Amino acid sequence: MFLIIVFCQLSIAHCTLPIDCFLSLSPMSSTVRVRFAPSPTGGLHLGGVRTVLYNYLFAKQHGGDFIVRIEDTDQNRYAAGAEEYIFDCLKWAGLEPDESPYHGGEFGPYRQSERKAIYRRYAEQLVNDGHAYYAFDSTEDLEKMRLDHKTEQNPAPQYDNSIRMKMRNSLTLDADEVKILLDAGTNHVIRIRIPEHETLSFTDMIRGEVSFDTAVVDDKVLLKADGMPTYHLAVVVDDYLMKISHAFRGEEWLPSAPVHILLWKYLFGLENMPQWAHFPLILGPNGKLSKRDGAKYRFPVFAMNWTDPKTGELTEGFKEKGFLPGAFINLLALLGWNDGTDQEIFTKEELIEKFSIEKVHSGGAKFDYEKAKWFNHEYIKMTDPEALLEIYKDLLPSYFNNKDDAYKTAVFSLVKDRCHDITDLAEQSSFFFNTPETWDLSAVMPKWNEEKKNFFVDWANKLMELVGWDAQILEQSFKELATEKNIKPGELQLPLRIMLVGGKFGPPVFSIADLLGTKETIARINNALPIF
RNA sequence: GGCCCGUUCGUCUAAGGGUUAGGACACCACCCUUUCACGGUGGUGAUACGAGUUCGAAUCUCGUACGGGCUACCA
């Protein structure tokens, strides 16, 4: 309750005072602590980054701390390098935590695998208090149970109050027998004992009051046979121990909320439970967005490229696709949230100022790659060519490196307004680095004749003696010669473009010639002329 | 099947009882441009359905339909 009151006061204070002023005035602001708790099993998904973002924005807005806790309790799903990868992604996106395995903090360790003993203690406490029990059922026992109880009405039988008394556990076995099994080190798990008929509810910051009947909740495993906790136990214990004030996670967790509410009630008291918000899912064309959708519909789903260490399979990332971090964050922020105005482009600082959980949507949002590219386009347009070079030089094809930085920067300033991603960038800039080898002849041939050919022969000669070299001078000389030869300059521009570029695209043709330089421009004309 | 969450243009969304239901992406047309874009102007296009409450409902209530999530010793 205390935390809730403090938070309300902060919200009010924030409405009337500028952030920095409010921060300096209120030492209580450190009470906001949020966390992102990924499991290092593979690439970092769009939805994951959005969860990070909303956590981060909320924390920063309230002068609080953003914690990253690694939920590596499943050894079977462990993926080598995934943990470092996650932090690389956060760094790229500019969403770095205040506390994590790599960022220090008073509440470590921040890796659940390193907290194993802690969970066992709480699990035992629950058993002692009668809220949990030991279960000795083998995988085969469980399979058999599910098979035996499976009906059309109940296609997925659960280990719940209706069947727990038919299984091998410390509820059905004698105390002595249990002790013998335990002492012998028999494989066992600890399950929560869900009360039979209780209504559990909580107030979600986005959805309002949500309630559940425990009659349909099963006796979830809390501690696995290998001694590791499941998510359910670990999240409650760690959120308490790490003093998390607000717990945000994806909507897929909503159904397990009753288990967590019970755990809070039994272990730490409901009054200490963080405020919860369940974010809407990010949907693909068919339900929850998956990396499969990315592969199928050809758009990135992960923040950065991820190579599966077992299969070697590469899944594309937004970074490598040419997305700027600011654009990525911006588009993610707007996927499920807006500030109530028509504004769509926000800096990170603006997002920190304007974000609010209450304005996050409750319905899932279908990811639209076209809109995502539009955001990136907007950011590319407003980024300096020098900065673009810094960002893109490692991503662009190797041919790109055969020129100096000044040249590359000039290329960017010429082409950036027409680029949405790295593909555009490569396409729009490749002819600045490589002489065309094929030409779009269909664009020239219908109106091509000897006079025009002669024009280019003569113009190429004129270019060698030209005084000064810029787009304007080139255009002037071009038009003068055309007039002299009684040819409409407009009819010659497209052929020139095809000679220099190879196709019907790119920046203004004289700007291209300007950047290409005397030698290259003449070479390209002479190169193409025999073909035309 | 059960439980939970959701439903405004194709997509992301605004409108918190009274608006010609607004914006953006995409699409189309025109302008600019003797390339392709950028940019500008305009256009097509939505409150899932049915009851109820109300003078008045996209908005509140209920039902139906549809969509999604969960239903592991995964998170």
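Not measured: the values here are computed from a predicted model.
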Indicate, with a heavy-atom threshold strictly under 4.0 Å, whether [X] touches base, sugar-phosphate, or nothing.
X: A:Asp137; value: base
X: A:Phe212; value: sugar-phosphate
X: A:Lys373; value: nothing
X: A:Pro38; value: nothing
X: A:Ser211; value: sugar-phosphate

Would you measure the distance from the C1' atom in B:rU47 across to the matching atom in B:rU19 and give it in whole Å?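 Rounded to whole Å, the distance is 14 Å.
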
[X] vs [N]: side-chain N/O to OP1/OP2 distance below 4.0 Å:
X: A:Thr73; N: B:rA75; result: yes
X: A:Arg191; N: B:rC73; result: yes
X: A:Lys224; N: B:rC74; result: yes
X: A:Lys220; N: B:rC73; result: no
X: A:Arg146; N: B:rC73; result: yes

Atom NZ of residue position A:Lys453 - does it have more than 12 heavy atoms of other residues, nucleotides or ligands inside 6.0 Å? yes

Could you please name the partner base of B:rC55, counting Watson-Crick and G-U wobble pairs only when both distances are under 3.5 Å?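 Pairing partner, where one exists within any strand: B:rG18.
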
Mate of B:rU64 where both pairing distances stay under 3.5 Å, Watson-Crick or G-U: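 Pairing partner, where one exists within any strand: B:rA48.
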
Pick the nucleotide of RNA chain B nearest each of A:Phe136 and A:His377; which residue has the one closer to the 5' end?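 The residue mapped nearer the 5' terminus is A:His377.
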
Where do N or O atoms of nucleotides 12-19 of chain B meet protein N or O atoms at under 3.5 Å, pair by pair?
| residue | atom | partner | partner atom | Å |
| --- | --- | --- | --- | --- |
| B:rC12 | OP1 | A:Lys366 | N | 2.8 |
| B:rC12 | O2' | A:Leu334 | O | 3.2 |
| B:rU13 | OP1 | A:Gly336 | N | 3.0 |
| B:rU13 | O3' | A:Asn338 | ND2 | 2.7 |
| B:rU13 | O3' | A:His361 | NE2 | 2.8 |
| B:rU13 | O2' | A:Asn338 | ND2 | 3.3 |
| B:rA14 | OP1 | A:Asn338 | ND2 | 3.0 |
| B:rA14 | OP1 | A:His361 | NE2 | 3.2 |
| B:rA14 | OP2 | A:His361 | NE2 | 2.8 |

